[in-house]
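Structure record follows, encoded as structure tokens.
Computed over heavy atoms, backbone and side chain alike; hydrogens, waters and symmetry mates excluded.
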2 protein chains.
Amino acid sequence: MAKNSNQIIKNLSTDCVIFGFDNSELKVLVIKLAVEPGKGEWALPGSNILQEENLDIAAKRVLKELTGLDNVYMEQLYTFGDVYRFPLFRVVTVAYFALVKIEDYKPEPGPKVSDAQWFSIKKLPKLPFDHNEIINYALKRLKQRVRIRPIGFELLPLKFTLSQLQNLYETIMDFDMDKRNFRKKILGMNVLVPLEKQKGVPHRAAKLYRFDKRKYDSLKEKGYNFEI
Amino acid sequence: MAKNSNQIIKNLSTDCVIFGFDNSELKVLVIKLAVEPGKGEWALPGSNILQEENLDIAAKRVLKELTGLDNVYMEQLYTFGDVYRFPLFRVVTVAYFALVKIEDYKPEPGPKVSDAQWFSIKKLPKLPFDHNEIINYALKRLKQRVRIRPIGFELLPLKFTLSQLQNLYETIMDFDMDKRNFRKKILGMNVLVPLEKQKGVPHRAAKLYRFDKRKYDSLKEKGYNFEI
DNA sequence: GATAAATATTGTAAAAAATACACTAAGAAA
DNA sequence: TTTCTTAGTGTATTTTTTACAATATTTATC
């Protein structure tokens, strides 16, 4: 073999739980594989890791190859390695989760993928292997994260209203919040920049906001608290 | 080859950061390997994962084989997989951290280990590979965990005084707390059982407590909060 | 152009939690 | 009996969280 760099590591893969939010439901993107193994089944996008590829890079590559998604929030989730999780031979998978602005996502399934679809987290089909377990774990993590770090914005359009944001939080955390208290708290974090008003809505137009990542980063440095 | 079950997976290992507390300092147990690779160097206990072995089991086995430790608190930490983290060939390592009652620990280094030693987290030697990075990551995680879940007990003797406990928290989190407020909070969690008094101390004897895991589990079920 | 419909926006009082703070108690040793 | 050392305890203040409802803006409709 001429070069090593493109060889796969047979026992190691990465899988990604991709969350999106469509203004009413939390969704997960699953794909239908066009090739074996797993051909025809809905599954998490995942693939082997290459010999000369860091884990984070592999996770990004796989996401891009299978869904066309690029430049999204990603975080290592957990490593799942039960002996029989994959039926053919031993595969340990390093799972990641990603947060996607669902509006921006134009499905571009790669050549190995015959279909890609958002499923509501509440109406997921049975997926092969331990993929349902991985999603549950990711959801648990997302619920924790969203409470203590302002990452919810990654699921919203660049400009959003406070109602959209509250709705997102309520959907993820699965309980309602008081509107006034929510606004006080979120604006008090000083990471939202007010913009112009919404246009074309058939009622009072809400103010739009964007997330100020620079400000967030600098406040984080100083040890600020972002609990909601 | 007759059987597969004892074969190692060449590209996969597990490493463990073992924390202990000696009533004044937070410590990490590192071992000196008696065999190559890494012979003679202080390093985290770690080893390859076997073909037919779950990750958690592998982590426990390795800990036991290399240090004699058994039946300790363990949690998967993170998976480190930079291409060149191990110089000879590609090895991805699933890191764990463990919490040990340091008093109970009678070092029983296994045959592959020539020495085992507790180092203060503040005076760690330079370890090979990315082991220092793994320890830093583990420390960060421990600091988070200890704030929100009563796992500090795992580092103390079964019976301990509130002063010991406070001291532990202060050492890990790296700041001082008010004695009265600390007591109020920790006793308010309702997971400590008061026992008899200390004996043989040359001053007023403090009351001993033990952690009530059953109670903790049942309160956790009900969604109680254990933030300190 | 008045009214209805829909969503946006805003403040305050009460309750709960966190904080700050210092003296007395107990036991051993001198 | 005095000293030394650590254990143990309560309250007032501040801060944070919670609960709660009326007015404002815009478009659509009659």
To the nearest angstrom, how far is A:K199 atom NZ from C:dA8 atom P? 18 Å
How many Å lie between NE2 on A:H203 and C1' on C:dT3, as a whole number? 18 Å
Nearest-Å distance, CE (A:M177) to P (D:dC20)? 17 Å
Using the side-chain hydrogen bond (donor to acceptor under 3.5 Å, both in side chains) definition, which of the options A:Q164, A:Q198, A:E196 pairs with A:K159? A:E196
Can you confirm if the aromatic rings of B:Y216 and B:F211 lie within a centre distance of less than 6.0 Å? yes
Side-chain N or O of B:S163 closer than 4.0 Å to phosphate OP1/OP2 of D:dA7: yes
Output yes when A:E133 and A:R85 qualify as a salt bridge under the 4.0 Å nitrogen-oxygen rule, no when they do not. no
To the nearest angstrom, how far is B:R183 atom CZ from C:dA25 atom P? 16 Å
Pair A:N190, A:Y224: side-chain N/O donor-acceptor within cut-off below 3.5 Å: no
A:Y78 vs A:Y137 aromatic rings, parallel, tilted or perpendicular, using cut-offs 30° and 60°? tilted
Whole-Å gap separating C1' (D:dG8) and CZ (B:F182): 14 Å
Please figure out whether B:V201 or B:R204 has its closest DNA chain C nucleotide nearer the 5' end. B:R204
Between the side chains of A:K185 and A:E227, is the shortest nitrogen-to-carboxylate-oxygen separation below 4.0 Å, so that they form an ion pair? no
Length of the CG-C1' vector between A:D176 and D:dC20, whole Å: 15 Å
Quick check for you: among C:dA28, C:dA8, D:dG8, whose closest atom lies nearest to any side-chain atom of B:P202? C:dA28
Short N/O separations, protein against nucleotides 10-17 of chain D, under 3.5 angstrom:
unit_1: D:dT11; atom_1: O4; unit_2: B:K184; atom_2: NZ; d: 2.8

Quick one, B:I121 and B:F19 - any side-chain contact, counting heavy atoms below 4.5 Å? yes
Rounded distance in Å - NZ (B:K179) to P (C:dT19): 18 Å
Measure the distance from CD on A:Q198 to P on D:dT27 and round it to the nearest whole Å. 12 Å
